[in-house]
Amino acid sequence: MARRLDKILVIDVEATCWEGDPPEGQVSEIIEIGLCVLDVASGEREPARAIMVQPQRSTLSEFCVQLTTITPEMLADGIHFAEACDLLRDAYHSCQRTWASYGDYDRLQFMKQCEAWGIAYPFGRSHINVKNLLALQLGLKKEVGLQRGTSLLGLTFEGTIHRGVDDAWNIAAVLDRVLLGRNR
Ligand code: AMP
Ligand code: MG
């Protein structure tokens, strides 16, 4: 399949979590896939979208609700992880497009969950780690979190941190600045 280089899929996932290790019998799994499509030529971001995913092997802890602001009600109409992967593939051509996320976490979580559940990984090989790229671009000694990274570029973080949809929107702005060298 030919690669498509017109748009980059900027993705940020939220997953079930606890203050420490998961309780016996539970495993961290994706509950939100935040997606912002960045147009390479123009640098325009499409409005970010939240794909809510119902957890199958874990429950939403109070800690996780506090961290992410995602409530059980918001997951009531969520789709299954396999359907979410189909959606990425079918509606966004995710296997042919470069995708980007902030750090390694999102890519590793996708790989881990796909393997554990026997679901085909919905991306190709081209992934951009925006956290790493930003640190290299700015000559930082250490990679920094998304809010710090945003402010180092003189951008204002828009929305709620740890909501996938808002994280993806802001990561796309950082990527536009760093990778595509735009300054507006
Ligand atoms: P983020 O993209 O930074 O919002 O984080 C993605 C996911 O990582 C969250 O949905 C949690 O599952 C996990 N996570 C992030 N920060 C923490 C934390 N301080 N404690 C436990 N899990 C976390
Ligand atoms: Mg996030």
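Here the structure is a predicted model, which is why all the values come from computation and not from measurement. We count ligands from 1, going down the list as the structure has it; atoms in each ligand are counted the same way. All residue numbers in this chain count up from 1 along the given sequence.
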* Asked: Hey, is Glu14 close enough to Arg163 for a salt bridge, meaning N to O under 4.0 Å?
  -> no
* Structure fact -> Here the atoms of ligand 1 under 4.0 Å from any heavy atom belonging to Val13 are 2 (O), 6 (C)
* Mind checking whether Ser28 has an N or O less than 3.5 Å away from an N or O of ligand 1? -> no
* Asked: Backbone, side chain, both or neither: what part of Asp167 comes under 4.0 angstrom of ligand 1, heavy atoms only?
  -> side chain
* Can you give the angle Asp12 OD2 - the Mg ion (ligand 2) - Glu14 OE2, rounded to 10°? -> 90°
* Asked: Between Trp99 and Arg107, is there a cation-pi geometry (under 6.0 Å to ring centre, at most 45° from the normal)?
  -> no
* **Nitrogen or oxygen of Glu14 less than 3.5 angstrom from that of ligand 1** => yes
* Structure fact -> The answer for which part of Leu67 has a heavy atom under 4.0 Å from ligand 1 is side chain
* Asked: At under 4.0 Å between heavy atoms, which part of Tyr102 makes contact with ligand 1: side chain, backbone, both or neither?
  -> neither
* Under 4.0 angstrom from ligand 1, any heavy atom of Ile161? -> no
* To do: Taking only heavy atoms of Cys17 into account, list the atoms of ligand 1 that are under 4.0 Å away from them.
  => 11 (C), 12 (O), 22 (N)
* To do: May I ask you to check whether Asp167 brings an N, O or S atom to under 2.8 Å from the Mg ion (ligand 2)?
  => yes
* Asked: For ligand 1, is Tyr105 a contact, meaning one of its heavy atoms is under 4.0 Å away?
  -> yes
